[in-house]
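Positions are given from 1, in the same order as the sequence printed here. No experiment lies behind these values; they were computed from the predicted model shown.
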Amino acid sequence: MGKQSVFIKSREDTVTVSAKVPRSLKLRADKLRDQIQEIDDELSFDLSVLIRDAIEEAVDKGEKELTRLKKTVEKESNNAFGSSNSQQPAETL
């Protein structure tokens with residue numbers, strides 16, 4: 001099983017995270033978990049890894065968007081501040 005597999009052989013220390021999902025999805029996940037256990041009782045369908053990866057991806061995306069937003073706001077603020085307080089240079093004759 002490669003690194004991208006949803007099945008694992010060992011369990012890490014974990015904490016429980018709950019999320020509301022459709023009952024049909026929970027039943028499908030349970031069925032998949034049972035089916036993989038019939039093949040190899042050391043394997044498990046590791047939803048926690050998938051959820052962790054999805055949360056990490058969302059946080060990474062949010063951090064990037066926040067950085068871009070801060071830069072945009074700062075740029076707009078500087079442009080507004082600079083245009084209202086800037087003086088035109090005197091023309092030399």
* Looking only at atom types and distance, does a side-chain atom of S77 sit under 3.5 Å from a main-chain N or O of V73, one as donor and one as acceptor? -> no
* Any chance you could measure D40, atom CG, to Q37, atom CD, to the nearest 0.5 Å? => 8.0 Å
* side-chain hydrogen bond (donor to acceptor under 3.5 Å, both in side chains) contacts touching residues 54-67 (sequence neighbours left out) -> none
Without placing hydrogens or testing angles, list every side-chain donor-acceptor pair under 3.5 Å for residues 27-36, not counting sequence neighbours.
from	atom 1	to	atom 2	distance (Å)
D30	OD1	K26	NZ	2.7
D30	OD1	R33	NH1	3.0
D30	OD2	K26	NZ	2.8

